Student: 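Sharing a structure below in C-alpha cells format, with a few things to ask.
Note that the coordinates shown come from a computational prediction; the quantities given were computed from them, not determined experimentally. Atoms within a ligand are numbered from 1 in the order they appear, just like the ligands themselves. Numbers here simply count residues along the sequence, with the first being 1.
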Amino acid sequence: MHMLEVTDLRKSYGDVEVLRGVSLSLARGECYGLLGPNGAGKTTTLRACLGLVEPDAGSISLLGLSVPTFAREARLRLGVVSQTDNLDPDFTVVENLLVYGRYFGIPEQTLQERIPRLLEFSELAARADSKMLELSGGMKRRLTLARALINDPDLVFLDEPTTGLDPQARHVIWDRMKQLLARGKTILLTTHFMDEAERLCSRLSIMDDGRIISTGSPQELIARHIEPEVLEVYGEGTQQWVNTHASLADRVESAGDTVFCYLRHAEPLIATLENRPSLRYLHRRANLEDVFLKLTGRDLRD
Ligand code: ADP
C-alpha cells in the first residue's frame with residue numbers, strides 16, 4: 001500500500017485551473033519533495049490531500065483511506081507541520097502539546113509518557129514551562145514539529161518547515177527529519193530551498209503552473225535535465241568574454257551580471273579565463289537549483 005496516492009487531481013478557482021492533473025505516490029519510508037515557484041499549486045495539492053480543498057476531479061488515497069470522504073479519519077493518523085506555527089500563545093510548551101494531544105483523543109496516560117520524549121526529541125525539555133513569547137523562531141518550529149508527532153504518525157506533511165529560520169536552526173530541523181526517516185516514518189516536504197530538497201529527499205517532483213513537470217531522485221533529475229558542470233563568470237568584461245567563447249559551453253544563461261555556462265568539461269573554458277584578472281569565476285557541479293531554474297525559468301513569480 002502507498003502511504004499517499006494522488007491520481008490526476010484537478011482544481012479550478014473561477015476560470016483559473018490551478019491543479020491541472022497532478023499525480024504522485026509516496027512509498028513507506030521515503031522523503032518526497034514537492035518543489036515549485038510561488039503559485040505552482042503545492043499548497044492546494046497538500047490541502048486537497050488533507051481534505052481541506054475539494055478537488056474537481058481525481059482521486060486521493062491517504063494511508064489507505066479515500067479523501068475527502070474519510071479525510072477526518074486519515075488526518076487523525078497523520079502529522080502536519082503547517083507553514084505558520086499557529087501555536088497557542090496563552091499556553092506553555094507542555095500545555096500546547098497536551099491540548100493538541102487531547103484534541104486527537106489520545107489517552108492522558110499515553111500523553112504523559114509521550115510528551116517528555118517529544119520534549120527531548122525537540123530539545124525543548126528545559127523550556128517545558130515557557131510561554132510562546134519567550135521562544136525563538138527555531139524553538140517554535142521545533143515545538144510545531146513535536147506537536148505534529150503527538151499521535152505518533154507514520155506519515156508527516158511538512159510545509160516549508162525551515163522558511164525564516166537561521167542556518168543553525170535549519171540544521172536542527174534537518175537532523176530531526178533524518179531521525180524520523182531513520183525510524184521508518186514517511187515525509188512529504190514542500191520547500192523553496194533546493195539544498196534542503198537535495199539533502200533530504202529520496203524523490204521529488206518539480207511543479208509549475210498546476211502540473212508536475214518532472215519526478216525523480218535529485219541525482220536523476222540533475223542527470224536527466226542538465227549538463228554536469230557549471231562555470232559562473234562575473235566581473236568587468238564578462239559579456240565580451242562570453243561573446244568570444246560561448247561556443248565552448250553547451251548552454252549559456254545570464255542572470256544580472258553573472259553568466260552561467262553549463263557544460264560537460266569546463267577545463268577548456270576555464271583556460272580562456274587565464275590572464276583575465278577582471279573576470280572572476282566559480283566552477284562547480286550542477287545542482288538541483290540549476291535544474292529548477294531550467295525547468296521553471298528565471299522570471300520572478302511574485
Ligand atoms: P504554491 O503553494 O505552490 O505557492 P498555491 O497552491 O498556494 O501555490 O496556489 C496556486 C494558485 O491557486 C495560485 O495562483 C493561487 O493564487 C490560487 N489559489 C489558491 N487558493 C485559492 C483560493 N482559495 N481562491 C482562489 N485562488 C486560489
Student: Answer yes or no for atom 11 (C) of ligand 1: protein heavy atom present at a distance under 4.0 Å?
Tutor: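 Given the 4.0 Å limit, the answer for atom 11 (C) of ligand 1 is yes, a protein heavy atom qualifies.
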Student: What atoms of ligand 1 come within less than 4.0 Å of a heavy atom belonging to Ala40?
Tutor: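 Answer, ordered by atom number: 1 (P), 3 (O), 8 (O).
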Student: What is the closest protein heavy atom to atom 2 (O) of ligand 1, and at what distance does it sit?
Tutor: Thr43 OG1, 2.6 Å
Student: List the closest protein heavy-atom neighbour of atom 21 (C) of ligand 1: residue, atom name, distance to the nearest 0.1 Å.
Tutor: Tyr13 CE1, 3.2 Å
Student: Less than 4.0 Å is my threshold; does some heavy atom of Pro37 fall inside it relative to ligand 1?
Tutor: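 In this structure, Pro37 qualifies as a contact of ligand 1 - some heavy atom is under 4.0 Å.
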Student: Which of the listed options, Val16, Asp209, Thr44, holds the heavy atom that is closest to atom 5 (P) of ligand 1?
Tutor: Thr44
Student: Could you tell me if any non-hydrogen atom of Gly41 lies under 4.0 Å from any atom of ligand 1?
Tutor: yes
Student: Any chain of hydrophobic side-chain contacts (each under 4.5 Å) joining Leu124 to Leu180?
Tutor: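 Yes.
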Student: Around atom 14 (O) of ligand 1, find the nearest protein heavy atom and jot down its residue, atom name and distance.
Tutor: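 So the nearest neighbour among protein heavy atoms is Gly39 O, 4.3 Å.
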Student: Could you check whether Thr144 and Asp85, counting side-chain N and O atoms only, form a donor-acceptor pair closer than 3.5 Å?
Tutor: yes
Student: Have Ser23 and Asp8 got a donor and an acceptor in their side chains that come within less than 3.5 Å?
Tutor: no
Student: Would you mind listing which atoms of ligand 1 come within a distance below 4.0 Å of any non-hydrogen atom of Asn38?
Tutor: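 Going through ligand 1 atom by atom, the ones under 4.0 Å from Asn38 are 4 (O).
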Student: Is the shortest side-chain N to carboxylate O distance from Arg251 to Asp290 below 4.0 Å?
Tutor: no
Student: Provide the closest heavy-atom pair for Leu263 versus Leu248 in the form atom of the first, atom of the second, distance.
Tutor: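 Where Leu263 meets Leu248 most closely, the heavy atoms are CD1-O, 3.9 Å.
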Student: Among residues two or more places apart or on two chains, list those pairs meeting side chain to side chain donor-acceptor pair (under 3.5 Å) that have a residue in residues 61-82.
Tutor: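 Checked against side chain to side chain donor-acceptor pair (under 3.5 Å) - neighbours excluded - no pair reaches residues 61-82.
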Student: Closest by any non-hydrogen atom to atom 17 (C) of ligand 1: pick that one out of Leu46, Thr45, Val18, Leu19.
Tutor: Val18
Student: Can you tell me which residue among Glu160, Lys42, Glu196 is in a side-chain hydrogen bond (donor to acceptor under 3.5 Å, both in side chains) with Thr191?
Tutor: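 The option that passes is Glu196.
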